[in-house]
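Just so you know, these numbers come straight off a predicted model, no measurement behind them.
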Amino acid sequence: MAARVPVPATLLLAAALALQVGYHAGGAPRQRAALTLAPAPPLAVLRLASLGEPVALAKAMTLYVQGQDEADTPLNAIDYSALRAWLERIVDLDPRGQAPLLAASQVYGASADPARTRIMLDFVYQRFGEDPDRRWPWLAHAALVARHRLHDPALARQYAQALRTRVTNAVLPAWARQMELFILDDMGEDDSATALIGAMVGSGQVSDPRERAFLERRLHNISARQRRADP
């Protein structure tokens, strides 16, 4: 993520920021945020400033955001609304780039403030849907953050279900496909877990004999647990 960016790209970013300053110049004075991150320029402005090199501009913007972060304050003091806007623009300019989603899920998502973390996880979830087969690792990490850091199993299940249903079966590894099942176990949703296993096996989604055997063992364990719980 620290790769050098061509000088023209840096100049393009400087031009875009200058245009953005002018764009906001007529507004009321703004109080300096904890993170000195200017409002993200409109996408149309950035496309114009890129001069046909949107990927190069996206890389320069990534370094700009990283530089502002490192130069100022801890994660809990960052203006996450402004940060998300910058990450959105970077993805718009370079849809194949992975840096914004990685940073959102693994760096900025580590904030101790749940509200800030949720902003980053929602960003990952929303942009995942545009390219599930390439962006699934970041949503998988977001599901783990929701489960273990936010202690929000419903949100974790939402992300895990999106992984299972929206990523091409051959692309998604078994551990990610089974994540929803483990979350249901945490929630004590035995009936839902049983239905999910039946759906995964019955639909042909699971072709690996070892994964099928694992799911059958899980189904057996759930049934045994339910029998023990019955009076």
Mind listing the side-chain donor-acceptor pairs of residues 141-148 below 3.5 Å, one per line with the distance, residues two or more places apart or on another chain?
residue	atom	partner	partner atom	Å
H141	NE2	S105	O	3.4
R147	NE	D186	OD2	2.6
R147	NH2	D186	OD2	2.7

In residues 153-162, what donor-acceptor pairs under 3.5 Å come from side-chain atoms, sequence neighbours left out?
residue	atom	partner	partner atom	Å
R157	NE	E180	OE2	3.1
R157	NH2	E180	OE2	3.4
Q158	NE2	Y125	OH	3.4

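Applying the salt bridge (Lys or Arg N to Asp or Glu O under 4.0 Å) test to R217 and every residue at least two apart in sequence or in another chain returns nothing. With sequence neighbours excluded, no residue forms a salt bridge (Lys or Arg N to Asp or Glu O under 4.0 Å) with D94. Not counting sequence neighbours, the partners of D122 by the salt bridge (Lys or Arg N to Asp or Glu O under 4.0 Å) test are R84. Among residues two or more places apart in sequence or in another chain, the side chain to side chain contact (heavy atoms under 4.5 Å, CB included) test is passed with A174 by R177, Q178, E211. Applying the side chain to side chain donor-acceptor pair (under 3.5 Å) test to R134 and every residue at least two apart in sequence or in another chain returns D131. Listed by chain and residue number, nothing satisfies the salt bridge (Lys or Arg N to Asp or Glu O under 4.0 Å) test with E216 (two or more places apart in sequence, or in another chain). Residues forming a side chain to side chain contact (heavy atoms under 4.5 Å, CB included) with P173 (at least two apart in sequence, or on another chain): W136, W175, A176.
In this structure the side chain of L101 never reaches within 4.5 angstrom of the side chain of L87, judged on heavy atoms.
A donor-acceptor distance shorter than 3.5 angstrom exists from the side chain of R89 to the backbone of P41, with no hydrogens or angles considered.
Within the structure, salt bridge (Lys or Arg N to Asp or Glu O under 4.0 Å) pairs that include any residue of residues 37-51 do not occur (at least two apart or interchain).
Separation of atoms OH (Y80) and OG1 (T117) is listed at 6.5 Å; rounding is to 0.5 Å. Distance check: R149 CZ to S111 OG gives 7.5 Å after rounding to the nearest 0.5 Å. Separating the CG atom in L57 from the CG atom in L51 is a distance of 9.0 Å, to the nearest 0.5 Å.
For the residue pair Q98/W138, the side-chain donor-acceptor check at 3.5 Å is satisfied.
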